[in-house]
*Asks:* 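Next up is a structure, given as structure tokens.
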Protein chains: 2
Amino acid sequence: MPNTELSSAVNTLEMPENPHTDNVLCLENQVCFSLYSAANAMVRAYRPMLDKLDLTYPQYLVMLVLWQEQGISVKTLGDKLFLDSGTLTPLLKRLESKGLVSRGRSDQDERVRVLCLTPSGQALKREASEIPHLMRCKIGAELDDLKALKAMCDKALAQLHASID
Amino acid sequence: MPNTELSSAVNTLEMPENPHTDNVLCLENQVCFSLYSAANAMVRAYRPMLDKLDLTYPQYLVMLVLWQEQGISVKTLGDKLFLDSGTLTPLLKRLESKGLVSRGRSDQDERVRVLCLTPSGQALKREASEIPHLMRCKIGAELDDLKALKAMCDKALAQLHASID
DNA sequence: ATGATTTAAATTGTGTGCAATATAATTGTG
DNA sequence: CACAATTATATTGCACACAATTTAAATCAT
């Protein structure tokens, strides 16, 4: 629709930009930037709490999964967290070296790792149990807002997974 | 609303968990995990488009800012993007080595960098101008939903910034 | 004016994310 | 049964994020 050619000729040094391009490429109009910034801020906000458990946020996510279900493979874990072995293998080695997780092998299939919690890993669940409440205070939003935010993130995630490329 | 208590008793091997704890620490109830996953998926979705411009997503954000306003400092850029010099300095050096950005020094204050676009950096705006539209197709959401998502991310971000620890 | 404080960038080190590739075990096929 | 294709992890390399520290320049306070 608009005069793209004209504006970029001008663009390069001194003159008013193409209003369309300018609008669209404006930081304030970028949903994705808001998403990205909010996610970064969220991880930062978790840090002081997770420091007390000697966990990073991705490590905390892995623990959440294992507190729910043990004996799963790296593949299953990756499917739940939308992360691949390139991320998870070193992360799981760190959790193992902290004595929280064991990385066994399946008897049926020598390729697959069987991920379980050590007693310390299990015990850490109790210390973690207050984190969700503390975090809800930090975000300080209404429950309905949080539900709506989660619903929309899940929807966007599903859409992005659907359109693989 | 299934029998969460019953199932988690089985979970751990021997002991019934606190049903409250179990619910709260469940991955499916984590707003932050949705936010985190959506943000990761979003960056992944940008990748094939940004590859054509030889930019990463954070580099694209820097270019968005500089397409709007040049001659700003690293500090100002960091304030806009919520990123610090530890992230931006190496990123800006990469943009400089690609010939997109110049990193001058202020005359008034020798400490501050003055960030400007090279002609190539300016010219890249034209190629980038189609990205927002392509991205909107990938997310495939209604405009109202996107506005709502952005509004809630911005609100959460503001809250998290307000409660500095 | 000078020493202390503040400020802007840069540096260092750790831990992701993820593409690309490698390795090894399992499965499918003729 | 051999052998090609698939699958589960692991490895490598690059680019963030960010805490912590350092360096150097500017400002403040006496």
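Labels below follow one simple rule: chain letters A, B, ... track the order of the sequence lines, proteins then strands, and each chain is numbered from 1. All values derive from a computational prediction rather than experimental measurement.
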*Asks:* Could you tell me how far apart A:Leu50 (CG) and D:dA17 (P) are, to the nearest whole angstrom?
*Replies:*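 These atoms are roughly 19 Å apart.
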*Asks:* So does A:Glu96 pair up with A:Arg103, basic N to acidic O under 4.0 Å?
*Replies:*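 Salt bridge: yes.
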*Asks:* What is the 5' to 3' range of DNA chain C, first to last nucleotide, that sits under 4.0 Å from any heavy atom of chain A?
*Replies:*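 Listed 5' to 3', the contact boundaries are C:dG15 to C:dT26.
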*Asks:* Give the nucleotide from the list D:dT9, D:dC18, D:dA25 with an atom nearest to the side chain of A:Arg44.
*Replies:*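 The answer is D:dC18, which lies nearest to the side chain.
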*Asks:* Passes side chain to side chain donor-acceptor pair (under 3.5 Å), A:Gln59 versus A:Lys98? Steps please.
*Replies:* CA-CA 11 Å; A:Gln59 290 168 8; A:Lys98 289 181 204 183; 2.8 Å; yes
*Asks:* Can A:Glu69 and A:Lys80 be counted as an ion pair, charged N to O under 4.0 angstrom?
*Replies:*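 Salt bridge between A:Glu69 and A:Lys80, a charged N being under 4.0 Å from a carboxylate O: yes.
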*Asks:* Does A:Leu81 share a hydrophobic cluster with A:Val114, counting links as ILVMFWY side-chain heavy atoms below 4.5 Å and allowing steps through other members?
*Replies:*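 In one cluster: no.
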*Asks:* Whole angstroms only, please: what is the OH-P distance between B:Tyr46 and D:dC16?
*Replies:*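 Rounded to whole Å, this separation is 16 Å.
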*Asks:* Test A:Gln70 against A:Leu115 for side-chain contact (heavy atoms from CB on, under 4.5 Å), laying out the working first.
*Replies:* CA-CA 6 Å; A:Gln70 296 191 40; A:Leu115 304 171; over 6 Å; no
*Asks:* Answer yes when A:Glu142 and A:Lys147 have at least one side-chain N-carboxylate O distance shorter than 4.0 Å, and no when they do not.
*Replies:*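 No, no charged N to carboxylate O under 4.0 Å.
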*Asks:* For residues A:Gln68 and B:Cys26, report the shortest heavy-atom separation together with the two atoms involved.
*Replies:*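 That would be NE2-CA, 3.6 Å.
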*Asks:* From A:Leu66 CG over to A:Gln122 CD, what is the distance, rounded to the nearest 0.5 angstrom?
*Replies:*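 Nearest 0.5 Å value for the CG-CD distance: 9.5 Å.
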*Asks:* When you check the phosphate oxygens OP1 and OP2 of D:dC16, does a side-chain N or O of B:Thr56 lie under 4.0 Å from one of them?
*Replies:*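 Result: yes.
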*Asks:* Do A:Met63 and A:Lys125 have side chains that approach each other closer than 4.5 Å (heavy atoms only, starting at C-beta)?
*Replies:*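 No, every pair of side-chain atoms sits at 4.5 Å or beyond.
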*Asks:* Just say parallel, tilted or perpendicular for the rings of B:Phe82 and A:Phe33, cut-offs at 30° and 60°.
*Replies:*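 If you compare the ring of B:Phe82 with that of A:Phe33, the planes turn out parallel.
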*Asks:* When you measure from the side-chain N and O atoms of A:Arg47 to the phosphate of D:dC18, is any distance below 4.0 Å, counting only OP1 and OP2?
*Replies:*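 Looking at the OP1 and OP2 atoms of D:dC18, neither is under 4.0 Å from any side-chain N or O of A:Arg47.
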*Asks:* From CG of B:Leu77 over to P of D:dC16, roughly how many Å is that when rounded to an integer?
*Replies:*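 My rounded result for the distance is 13 Å.
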*Asks:* Contact list please: residues 111-118 of chain B against DNA chain D, heavy atoms, distance less than 4.0 Å, in numerical order.
*Replies:*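 B:Arg111 - these, ordered by number, are the residues of the stretch whose heavy atoms sit under 4.0 Å from the strand.
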*Asks:* Which residue lies toward the 5' end of DNA chain D, B:Asp84 or A:Gly86, if each is placed at its nearest nucleotide?
*Replies:*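 Result of the comparison: A:Gly86.
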*Asks:* Give the rounded distance in Å between these two atoms: NZ of A:Lys75 and P of D:dA10.
*Replies:*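 In whole Å, D:dA10 P lies 14 Å from A:Lys75 NZ.
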*Asks:* Mind running a 4.0 Å heavy-atom check of residues 91-101 of chain A against DNA chain D and sending the residues that fall below it, in number order?
*Replies:*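 Those residues whose heavy atoms fall under 4.0 Å from DNA chain D, taken from residues 91-101 of chain A in numerical order, are A:Lys93.
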*Asks:* For A:Ser34 and A:Ser37, does a side-chain donor sit closer than 3.5 Å to a side-chain acceptor?
*Replies:*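 Checked: A:Ser34/A:Ser37 side chains show no N/O donor-acceptor pair below 3.5 Å.
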*Asks:* Grab the CZ-C1' distance between A:Arg103 and D:dA8 for me, whole Å please.
*Replies:*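 My rounded result for the distance is 13 Å.
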*Asks:* Where does the angle between the aromatic ring planes of A:Tyr60 and A:Tyr46 fall among parallel (under 30°), tilted (30 to 60°) and perpendicular (over 60°)?
*Replies:*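 Tilted, since the angle between the ring planes falls between 30° and 60°.
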*Asks:* Nearest nucleotide by nearest heavy atom, which residue falls closer to the 5' end of DNA chain C, A:Gln59 or A:Gln108?
*Replies:*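 Whichever sits nearer the 5' end wins; that is A:Gln59.
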*Asks:* Given atom CG of B:Asp109 and atom P of D:dT27, what is their separation to the nearest angstrom?
*Replies:*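 That distance rounds to 6 Å.
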*Asks:* Could you pick out which residue, A:Ser85 or B:Tyr57, lies toward the 5' side of DNA chain D when each is mapped onto its nearest nucleotide?
*Replies:*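 The residue whose closest nucleotide sits nearer the 5' end is A:Ser85.
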*Asks:* Taking any strand in view, what nucleotide pairs with C:dG30 in a Watson-Crick or G-U wobble way, both distances under 3.5 Å?
*Replies:*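 WC or wobble partner is D:dC1.
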